2 protein chains.
Amino acid sequence: MPKNSLSHEAEEKILKAARTVFIKKGYKGATTRDIAAEAGITSPLLNYYFRSKENIFSIVYERAFNSLYSNVYHTIMGDASLFEKIPALVDGLMKELVENPDVPSFIFNEVTRSPEKLVERFRSKMHLLEAYRDFSDSVYAEVEKGTIRPVRPITLLINIQSLCIYPFLARPLLCEISNISIREYMKILARRRDEIIEMIEKDIRIK
Amino acid sequence: MPKNSLSHEAEEKILKAARTVFIKKGYKGATTRDIAAEAGITSPLLNYYFRSKENIFSIVYERAFNSLYSNVYHTIMGDASLFEKIPALVDGLMKELVENPDVPSFIFNEVTRSPEKLVERFRSKMHLLEAYRDFSDSVYAEVEKGTIRPVRPITLLINIQSLCIYPFLARPLLCEISNISIREYMKILARRRDEIIEMIEKDIRIK
DNA sequence: TGTATTTTCAATCATTCGCTTAAAACTTCT
DNA sequence: AGAAGTTTTAAGCGAATGATTGAAAATACA
């Protein structure tokens, strides 16, 4: 088993390679030989550091999941106003997505492949549930104040996530149908932040 | 090679089984033995009807793709007004999605696995490109009339697709975080049609 | 009944894949 | 120098998988 800092670098090199391969090919599509090749090492060394393919995958997946959910959802915790939380959430999501546009497709692939693992994962992520409760409270507070129309918190969350995440998932399809280059398409997405916030608020606000 | 109508029934039985297995496990995750078992036949019979796994898959995929795109996109062809096309598109998408909620995840998995096939597929689907052009024309027409603010057609299409399709993709995640049962969640989605249309129109309309 | 078609069965073949072994070479630190 | 840890090489095991073969049933049809 590896112990010093040198081996730690190697571990990270392998994990980075594994991330690349897993995102491109999915769990079943990726082979340990692929990952070893991408990392520039030999296959026995993979088993020297991580005992199994599943082991490597779960680390890669955990990180991807956290980058898109756990980290971002801290922005809707606490008792800030809904009108502070919405921009913060959209902002966090869009920044993460522009940097890692392939993460959503990776996550949803895996969720479909084994949804039972998701339940397990959520059990160890109580802060996500807390975040959602805090978000709900902020929604109900505004409804009672009469500043927004009655709306389910989950509906609001669905709309926000949809407008932020889907364009990255469907990028190949939408580029093809609209005959726009990937570069141009990504530019459009990068400018969506304000549009999304405005659209969401216009939908719920009572003026 | 099969020739009569009896064998045609068998073909459909196999394709239905293949669809079930491919949607649940993806291309790589599904084995020909899985499909044979699901169809209640033996594995050599698979090769008797369809020569290869890839062969079966491409038929299943083609049908899934058409059900969500080609068929639905007929609703935005022609020179109808944008305010007729938007409800028609949302309606077509939502009806299809409520009936087959797992199709989007299946399609996007495959698009990620081999995007090069998508380009090829679009070449044989010129009517999709036509549909998008017609949709664009309807958008520009309204902008010139001053009934809607200047908006890119692709942005509008992104928003509509996002609000319709994403909730089905992220169903497991959103159910888990909001602690809503799948049944309850699907009920909410079924009622989204009008909300989405209103949201989209409110976003672009100049009153 | 006779002929062609469809389906089953058992047995594999060749390939790929995850993983392991064993021995050697290289590096790092004491 | 010596010990401990790290990496490479070569070889390959056992299992799963896509695909196939060949012969026998079962079925349909004329």
Side-chain angles (χ1 to χ4, degrees), chain A residues 1-62 106 109-110 112-114 116-117, chain B residues 1-62 106 109-110 112-114 116-117:
Chain A
M1 293 297 138
K3 271 156 201 163
N4 63 17
S5 68
L6 203 145
S7 66
H8 185 261
E9 283 174 32
E11 273 183 42
E12 281 306 319
K13 186 178 69 179
I14 294 171
L15 284 173
K16 190 180 172 187
R19 192 190 124 103
T20 305
V21 177
F22 277 132
I23 282 184
K24 188 153 63 189
K25 304 193 175 185
Y27 180 78
K28 280 280 185 180
T31 71
T32 54
R33 287 172 172 91
D34 284 339
I35 297 170
E38 175 76 28
I41 59 166
T42 57
S43 114
L45 200 56
L46 271 191
N47 277 277
Y48 178 72
Y49 280 109
F50 310 89
R51 292 200 324 275
S52 67
K53 178 187 181 182
E54 181 63 39
N55 228 324
I56 303 178
F57 181 81
S58 69
I59 297 175
V60 170
Y61 184 75
E62 178 76 15
F106 173 63
N109 279 12
E110 179 54 19
T112 317
R113 185 176 80 89
S114 50
E116 68 283 358
K117 285 192 185 170
Chain B
M1 293 296 141
K3 271 159 201 160
N4 63 17
S5 68
L6 205 146
S7 65
H8 186 260
E9 283 174 32
E11 273 185 40
E12 280 306 319
K13 185 177 70 176
I14 294 171
L15 284 173
K16 191 180 170 188
R19 191 191 127 103
T20 305
V21 176
F22 277 133
I23 282 183
K24 188 153 64 187
K25 304 193 176 185
Y27 180 78
K28 280 279 183 180
T31 71
T32 54
R33 286 173 174 88
D34 285 338
I35 297 171
E38 176 76 26
I41 59 165
T42 58
S43 112
L45 200 57
L46 271 190
N47 275 277
Y48 177 72
Y49 280 108
F50 310 90
R51 290 200 324 277
S52 68
K53 177 186 180 183
E54 182 63 38
N55 228 323
I56 303 178
F57 181 81
S58 69
I59 298 175
V60 170
Y61 184 75
E62 179 75 15
F106 173 63
N109 279 12
E110 180 52 18
T112 318
R113 185 176 80 90
S114 50
E116 68 282 357
K117 286 193 184 169

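Letters A, B, ... are given to chains in the order of the sequence lines, protein chains preceding strands, and every chain is numbered from 1. Only a predicted model underlies this, so the values are computations on that prediction, with no experimental measurement involved.
In this structure, the CD1 atom of B:Ile41 is 17 Å from the C1' atom of C:dA10, given to the nearest Å. Remark: P of D:dT8 and CG of A:Leu46 are 11 Å apart, rounded to the nearest angstrom. Here D:dT20 presents its P atom at 15 Å from OH of B:Tyr48, a figure rounded to the nearest Å. Taking atom CZ of residue A:Phe50 and atom P of nucleotide C:dG18, one finds them 16 Å apart after rounding to whole Å. Atom pair B:Leu45:CG and D:dT21:C1' shows a separation of 15 Å (rounding to whole Å applied). To the nearest angstrom, C1' of D:dT17 lies 14 Å from CD1 of B:Ile56. Protein atom CD of B:Glu54 is 9 Å distant from nucleotide atom P of D:dA19, rounded to whole Å. Here C:dT20 presents its P atom at 9 Å from CZ of A:Arg51, a figure rounded to the nearest Å.
Within residues 22-32 of chain A, the residues having any heavy atom closer than 4.0 Å to DNA chain C are, in order of number, A:Ala30, A:Thr31, A:Thr32.
Residues B:Ile35 and B:Glu38 fail the side-chain proximity criterion, which asks for heavy atoms closer than 4.5 Å.
Between B:Leu46 and B:Thr32, the shortest heavy-atom contact is CD1-O, 3.2 Å. Closest non-hydrogen pair, A:Thr112 versus B:Ile23, comes out as CG2-O, 4.3 Å.
Nearest nucleotide to the A:Thr42 side chain, out of C:dT8, D:dT8, D:dG18: D:dT8. Of all nucleotides listed (C:dT8, C:dC19, D:dA19), D:dA19 comes nearest to the side chain of B:Asn47.
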- Do A:Glu110 and A:Ser114 pass the side chain to side chain donor-acceptor pair (under 3.5 Å) test, and can you show the C-alpha distance, the side-chain angles, and the key distance before you say yes or no? CA-CA 6 Å; A:Glu110 179 54 19; A:Ser114 50; 3.0 Å; yes
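In this structure a side-chain-to-backbone donor-acceptor pair under 3.5 Å is present from B:Lys53 to B:Ala30.
Residue A:Asp34 is tested with A:Lys25, A:Lys24, A:Lys28 for a salt bridge (Lys or Arg N to Asp or Glu O under 4.0 Å); the sole match is A:Lys25.
Residues B:Lys117 and B:Glu54 are paired through a salt bridge, judged by an N-O separation under 4.0 Å between the basic side chain and the carboxylate.
The line from CZ of A:Phe50 to CG of A:Leu45 is 9.5 Å long, rounded to the nearest 0.5 Å.
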Could you list the protein-to-nucleotides 11-15 of chain C atom pairs, N/O on both sides, closer than 3.5 Å?
none

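Using cut-offs of 30° and 60° for the angle between ring planes, the B:Tyr27 and B:Phe22 rings count as parallel.
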